[in-house]
Amino acid sequence: MPQVKIDAFMCLETKMKGGVLSNEKLDLKVMIEELESNFEVPSVFICPISLEPMQEPVTLCTGQTYERSNILKWLSLGHKTCPTTMQELWDDSVTPNKTLSHLILTWFSHKYLDMKKKLEDVQGRVLELLDMLKKVKGQARVRALKDLRRIVTSHVCARKVVEENGGIGLVSSLLGPFTSHAVGSEAIGIIVNLDLSLELKRNLMHPAKVSLVVDIMNEGTIETKMNCAKLIEILLMEEGNDYEAELVSSLSLLVGLLRLVRDKKNPCGVLTGLILLKSICSHESVRTSLVSIGAVPQMIKLLPNLNNECLEIALHILEVLSTIPEGRLALKECPNIIPYVVKLLMRVSESCTQIALSILWAIYKLAPEECAAQAVEAGLAAKLLLVIQSGCNPVLKQMSSEFLKMCSVNYSASIFISKCMLTTTIQ
């Protein structure tokens, strides 16, 4: 190892007051496991074979250093060369590198104890803020909540301290009919990062608290909107709640979610909003409300700009809305809906193809001749043949076959074949 690096680590070691290792015995393996993901380990501590920090470094006759277990395994396989330099070994013995071993232990000990100190500081700050929240009001309360939210978001250990010291109940008690949006936004930002008990979930489902969450979602920043949507999603996962129907049927909630998914500048917000919309669409009372506030044309307008993950969720929502008469009519009246949905077939995933066909089927039932003509002109027949000839699931193939038959009713055989854009051989 270069002398400069050795000197640097020796210097680091002398700065450790009182000699850490002489006062406290630390397990190197434990320290490596806890620190490796959070710190960039010096390259001289990394074994060239496993690319992991060495715990028992040994040196070969070539001067290259490896983790003992790794190099012994290399030699046991019959190799007679150095793994790094590929030089032939004139001596296959290994020598413990005590200097490097000491430096590794010193470096990890220093980092480990420093991390522990920071964690203690975080825990102390969390307890201080929780105590402060019991006493302060107004802007002081907002500042305390803001600080707590930042710490909870950044440190897993802080969440544990909040949960173990009654912090969840304290923060959730701040939500109510007279809570300011400034306080509510910060409180919700804390709550969504914590593990909520059944009792707390039910408490948060109280109409006054839910109303506040929905109001904040409609007026807050993008981060606040996402936190509100996440909290509602968490609450809806709890079955048998007395207030569930009232929550999901709230027009204010539905309007807020549509605003969230229309925000093209924030893809994460779009995904969060779509996930919640998908969840609440399972409630029959929601579907009619969504259609009545214009969700269908708004969702279709979004489709061209969505990534594959969001696109599949959006199509699922449209498929669910197509199960009610108002939803099917809204789909049919959207300009260019048929050509666009046809384009999605066999382009994203098998699931998307099946959902797209289901949507087309719903429109077809309302206006068979009009739908068939537009779909075939958009290239549906060729797409359906691709599905039938692919390795898709039998249900999808059967759906495609039946749709193909229905579309062919309004065409002569020769015209329909030409619309399929088939090769001469297949024809």
Side-chain angles (χ1 to χ4, degrees), residues 30 34-35 37-39 111-238 241 243 247 268 272 276:
V30 171
E34 292 191 22
L35 286 171
S37 60
N38 298 318
F39 292 89
K111 294 293 184 183
Y112 184 77
L113 294 177
D114 186 48
M115 181 188 75
K116 287 296 184 183
K117 184 178 182 303
K118 288 180 180 177
L119 289 180
E120 289 174 3
D121 291 343
V122 166
Q123 292 167 356
R125 179 58 176 158
V126 169
L127 291 174
E128 181 184 342
L129 288 169
L130 290 177
D131 187 56
M132 192 182 301
L133 285 173
K134 298 174 184 176
K135 306 171 183 176
V136 299
K137 295 182 179 181
Q139 286 303 308
R141 175 178 285 177
V142 175
R143 285 194 295 271
L145 284 169
K146 191 183 291 288
D147 287 346
L148 184 58
R149 176 180 59 80
R150 288 170 178 166
I151 297 174
V152 165
T153 303
S154 305
H155 301 279
V156 175
C157 68
R159 301 169 199 172
K160 188 175 180 181
V161 176
V162 172
E163 292 166 0
E164 292 178 349
N165 290 275
I168 305 179
L170 173 61
V171 174
S172 64
S173 70
L174 301 178
L175 299 175
F178 304 109
T179 302
S180 70
H181 283 198
V183 168
S185 297
E186 300 300 338
I188 292 166
I190 295 168
I191 291 170
V192 293
N193 285 289
L194 304 175
D195 187 13
L196 305 180
S197 67
L198 175 59
E199 183 181 354
L200 278 166
K201 288 179 182 178
R202 289 179 174 170
N203 177 268
L204 287 168
M205 283 291 283
H206 188 278
K209 294 182 186 288
V210 168
S211 178
L212 174 68
V213 174
V214 173
D215 286 346
I216 291 174
M217 187 178 73
N218 277 293
E219 298 180 14
T221 64
I222 183 64
E223 183 181 4
T224 298
K225 291 177 189 290
M226 289 173 61
N227 285 334
C228 291
K230 289 175 184 176
L231 178 57
I232 293 171
E233 177 73 15
I234 291 170
L235 299 180
L236 289 178
M237 289 171 65
E238 188 56 50
N241 220 303
Y243 303 119
L247 168 59
C268 291
T272 301
L276 182 51

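As the structure is a prediction and not an experimental result, all values here were calculated from the model. For reference, positions follow the sequence shown, starting with 1.
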TODO: Please identify each residue that fulfils side-chain hydrogen bond (donor to acceptor under 3.5 Å, both in side chains) with Arg125, with sequence neighbours left out.
DONE: Glu128, Asp147
TODO: Would you name the heavy atoms of Ala144 and Leu129 that are closest together and state the gap between them?
DONE: O-CD2, 3.9 Å
TODO: Identify the heavy atoms of Leu200 and Gly169 that sit nearest to each other, and give their distance.
DONE: CD2-CA, 4.0 Å
Task: Residue list, side-chain hydrogen bond (donor to acceptor under 3.5 Å, both in side chains) with Ser197, at least two apart or on another chain - done: none
TODO: Over all heavy atoms of both residues, which pair between Ala158 and Val126 is shortest? Give the atoms and the distance, please.
DONE: CB-CG2, 3.7 Å
Open item on the list: Has His155 got a side-chain atom pairing as donor or acceptor with Cys157's backbone, closer than 3.5 angstrom?
Closed with: no
TODO: Not counting sequence neighbours, which residues clear side-chain hydrogen bond (donor to acceptor under 3.5 Å, both in side chains) with Asn203? List them please.
DONE: none
Open item on the list: Measuring only between side-chain heavy atoms, which start at C-beta, is Arg202 closer than 4.5 Å to Leu198?
Closed with: yes
Task: Residue pair Leu236 / Leu276, side-chain heavy-atom distance below 4.5 Å - done: yes
Counting only pairs under 3.5 Å, give me each side-chain donor-acceptor contact of residues 178-191, with atom names and distances, residues two or more places apart or in other chains.
unit_1, atom_1, unit_2, atom_2, d
Thr179, OG1, Leu174, O, 2.5
Thr179, OG1, Gly176, N, 2.8
Thr179, OG1, Gly176, O, 3.3
Ser180, OG, Val183, N, 3.2
His181, ND1, Glu219, OE1, 3.4
Ser185, OG, His181, O, 2.7
Glu186, OE1, Arg149, NE, 2.4
Glu186, OE1, Arg149, NH2, 3.3
Glu186, OE2, Lys146, NZ, 3.0

Open item on the list: My understanding is that only residues two or more places apart in sequence, or in another chain, count here; which of them pass side chain to side chain contact (heavy atoms under 4.5 Å, CB included) with Ile222?
Closed with: Met226, Leu260, Asp263, Asn266
Open item on the list: For Ala229 versus Met217, what's the shortest heavy-atom pair and its separation?
Closed with: N-SD, 4.1 Å
Donor-acceptor pairs under 3.5 Å, side chain of residues 131-138 to any protein atom, not counting sequence neighbours: which ones?
unit_1, atom_1, unit_2, atom_2, d
Asp131, OD2, Lys135, NZ, 3.0

Open item on the list: Show the nearest heavy-atom pair for residues Lys209 and Ser172, with the distance to one decimal.
Closed with: NZ-O, 3.0 Å
- [ ] Can you see which heavy atom on Thr272 is nearest to which on Lys230, and at what distance?
- [x] CG2-CG, 4.1 Å
TODO: Give the intermediate values and the outcome of side-chain contact (heavy atoms from CB on, under 4.5 Å) for residues Val161 and Asn165.
DONE: CA-CA 6 Å; Val161 176; Asn165 290 275; 3.6 Å; yes
Task: Spacing of CG belonging to Leu235 relative to NZ belonging to Lys201, to within rounding of 0.5 Å - done: 8.0 Å
TODO: Return yes if some donor-acceptor pair links the side-chain N/O of Ser173 with the main-chain N/O of Leu170 below 3.5 Å, else return no.
DONE: yes
Task: Sub-4.5 Å side-chain heavy-atom contact between Leu148 and Leu130 - done: yes
